Amino acid sequence: MLWICKLLRISPPMFLRGFVSGTAVSTVVYAVLYASINRKAIDTASVQSNFEDINKLEQGQEILKYGFPDRGPELMYYTNHVLAYDRAKRTPVWVAEHLTAETLKGYASRKNEKFLPDPRIPEMFSAQNSDYQGSGWSRGHMSPAGNHKISKEAMKDSFFLSNIVPQNYENNAGFWNRLEMYCRDLTKNFQSVRIISGPLVMPYEEEGKKFIKYQIIGNSEVAVPTHLYKIIVAERKSQPVALGVFIIPNEPLDFSHHLTKYQITLPQLESRTGINFVPKLDLSKTVNLCDVHSCQLIEKGKFELYFIGRKLESANTLSRLEHVWKELEEKKLKPDKDLIDLYEKRHKEILMEEKRK
DNA sequence: CGGGGATCTACC
DNA sequence: GGTAGATCCCCG
């Protein structure tokens, strides 16, 4: 490998970086590397073609005398997720994570975290909190905070803006939130759930012509996606791998919309994004996730009961507690025993605290 | 669970 | 006098 590096006038780490960059140059480099390792095994024809490649390489080095155009690292690794970053859009390209019943356990809380610019991304390519503030768009996790309760480090990493895209408020708190809950719920039925999520800009048609248009927000001009995608790869013993791919509009979606409505094939998404998301997965050996699992998001009543419970837990005053409790009447929801117990428990706790004062 | 904003304080 | 961080409040 060293002689190749010498030829390229680069250091070995640089070589490896170029090697994974997926450019035409690296393909040529790979051919040369392959030849160097298997020198004795190759025939005359391939040797000649490799000499041609070397000539191209040398010419390429002269063309690129002042260095390879650098799009930054292909992959960025964090405590509990991996992503590819788009320096032009100031958002991730994709964010990958691996959920199991075990990794979803823990008590790290989002309430202790703040959104922060990712220190690993040069400032000129990074989003800032100020870009989002007052933009009309919320900061939407691609790998959600709720998947990072396992440790404070994992939770903190998920709040870097490298994991965030501008997302419609209602979508983020509603449909997308329910989709994330569904993904976590899958770990009850599958040993392993792998997810890749990211932003997408879909074309629209006008006067018979197709266009792609997206808003940019803040001084950093962060790209607002028209859609978000989610790829779900779920495994369980002795069964084919289950695959589900979805493209969700970045807009309010109420409970009348079903998840299956947004399902597409993996090649459709790969064609649009230019990314082979799971190149080692044999699609012919997979089954449709929605054929082997419900693909039903949590229903309205259960969903509202769930976050009323969360609000009861975080209520600090009796008036706040009563106010949250009244939501049940307004929304004609019937609390189960656990919720009633929670209410009474919080009621006692708040009374005790007020007595102390 | 998913996200906000207002206010106060410390500080330069 | 303006800003950063903490605290408490709020919403779907």
Side-chain angles (χ1 to χ4, degrees), chain A residues 95 97 99 104-117 127-150 154-156 158-161 163-188 195 197 199 217-218 222 224 228 230 248-257 259 297-333 338-339 342 346 349-350 353-354 357:
Chain A
V95 183
E97 49 192 332
L99 311 185
L104 288 178
K105 292 177 180 173
Y107 299 96
S109 168
R110 63 177 293 135
K111 294 298 178 190
N112 299 324
E113 302 300 336
K114 289 178 300 185
F115 292 99
L116 289 173
Q128 307 292 328
N129 281 321
S130 56
D131 298 323
Y132 286 85
Q133 277 152 8
S135 71
W137 298 91
S138 74
R139 292 166 290 192
H141 282 79
M142 289 297 92
S143 179
N147 293 358
H148 296 276
K149 296 162 106 176
I150 191 163
M155 181 64 73
K156 183 182 178 181
S158 82
F159 275 78
F160 288 136
L161 294 179
N163 181 39
I164 303 297
V165 306
Q167 191 173 359
N168 173 273
Y169 286 86
E170 290 178 47
N171 181 282
N172 197 0
F175 193 93
W176 189 257
N177 187 10
R178 292 161 64 217
L179 177 54
E180 289 169 344
M181 289 176 172
Y182 176 76
C183 290
R184 285 190 284 269
D185 201 54
L186 281 172
T187 61
K188 294 172 183 171
I195 297 170
S197 312
I217 57 172
V222 181
V224 179
L228 305 171
K230 201 175 270 292
I248 313 298
N250 190 9
E251 60 191 41
L253 297 173
D254 65 25
F255 291 88
S256 68
H257 298 89
L259 178 59
L297 304 186
I298 186 172
E299 63 190 51
K300 185 177 182 180
K302 285 182 181 176
F303 184 59
E304 288 174 339
L305 276 176
Y306 181 82
F307 62 66
I308 283 176
R310 294 289 168 175
K311 286 186 208 176
L312 289 177
E313 279 182 350
S314 63
N316 295 318
T317 64
L318 281 183
S319 65
R320 172 67 183 163
L321 195 71
E322 298 298 339
H323 183 262
V324 174
W325 196 247
K326 276 184 183 171
E327 276 188 51
L328 291 172
E329 290 176 29
E330 291 163 10
K331 292 174 177 167
K332 295 176 181 175
L333 299 168
D338 286 346
L339 204 66
L342 179 61
R346 281 305 296 156
E349 286 171 352
I350 293 169
E353 281 183 30
E354 288 186 352
K357 288 174 186 173

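Protein chains get the first letters and strands the later ones, always in sequence-line order, with residue 1 at the start of each. Below, all heavy atoms of this structure are taken into account, side chains as well, without hydrogens, waters or symmetry copies. In this text the structure is predicted, and so the values were computed from the model without any measurement.
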Could you list the donor-acceptor pairs under 3.5 angstrom formed by side chains in residues 248-256 of chain A, with sequence neighbours left out?
residue	atom	partner	partner atom	Å
A:N250	OD1	A:N168	N	2.9
A:N250	ND2	A:P166	O	3.1
A:N250	ND2	A:P225	O	2.9
A:D254	OD1	A:S256	N	2.9
A:D254	OD1	A:S256	OG	2.5
A:D254	OD1	A:H257	ND1	3.2

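At a threshold of 4.0 angstrom between heavy atoms, the contacts of A:Y169 are confined to the sugar-phosphate backbone, with no base atom among them. Residue-level contact check: A:E304 touches neither bases nor backbone, having no heavy atom under 4.0 Å from any strand. Residue A:G146 is classed as a sugar-phosphate contact, given heavy-atom separations below 4.0 Å to backbone atoms only. Residue A:K149 is in sugar-phosphate contact alone, with no base atom involved, counting any heavy-atom pair closer than 4.0 Å across all strands shown. Residue contacts for A:R139: at a heavy-atom cut-off of 4.0 Å it reaches the sugar-phosphate backbone alone, with no base atom in range.
When all heavy atoms of A:N316 and A:I350 are compared, the pair lying nearest together is O-CG2, 3.8 Å.
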Next item on the list: For side chain to side chain contact (heavy atoms under 4.5 Å, CB included), just list the numbers for A:E349 and A:R346, CA-CA rounded to whole Å, side-chain angles, deciding distance to a tenth of an Å, and then say yes or no.
Entry: CA-CA 5 Å; A:E349 286 171 352; A:R346 281 305 296 156; 2.5 Å; yes
Notebook entry, point to check: When you look at A:F159 and A:H141, which way does the side chain to side chain contact (heavy atoms under 4.5 Å, CB included) test go after all the steps?
Noted result: CA-CA 8 Å; A:F159 275 78; A:H141 282 79; 3.6 Å; yes
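Rounded to whole angstrom, the span from the CG atom of A:N172 across to the P atom of C:dC11 amounts to 18 Å. Between the C1' atom of C:dC11 and the CD atom of A:E170 lies a distance of 11 Å, rounded to the nearest Å. Distance, A:R178 CZ to C:dG12 P: 16 Å, rounded to whole Å. Rounded to whole angstrom, the span from the NZ atom of A:K114 across to the C1' atom of C:dT3 amounts to 13 Å. We find that CD of A:E113 is positioned 11 Å from P of C:dA6, with the value rounded to whole Å. Taking atom CG on A:L179 and atom P on C:dG12, their separation rounds to 22 Å, with Å as the unit.
At a cut-off of 3.5 angstrom, the base of C:dG12 holds at least one donor-acceptor pair with the side chain of A:K311.
Boundaries of the chain A contact region on DNA chain B are B:dC1 to B:dG4, first to last in 5' to 3' order (nucleotide atom under 4.0 Å from a heavy atom).
Summary of the strand contacts: A:Q133 and A:S109 both lie near DNA chain B, and taking for each the nucleotide with the nearest heavy atom, the more 5' one is attributed to A:S109.
No side-chain heavy atom of A:E304 sits less than 4.5 Å from a side-chain heavy atom of A:E327.
Remark: A:R310 is not in phosphate contact with C:dC11, judged by side-chain N or O atoms under 4.0 Å from OP1 or OP2.
The side chain of A:A173 sits closest to C:dG12 out of C:dC9, C:dG12, C:dA6.
A donor-acceptor contact under 3.5 angstrom links the side chains of A:R310 and A:Y306, judged on distance only.
For the atom pair NZ (A:K302) and CZ (A:R178), the distance works out to 12.0 Å, reported to the nearest 0.5 Å.
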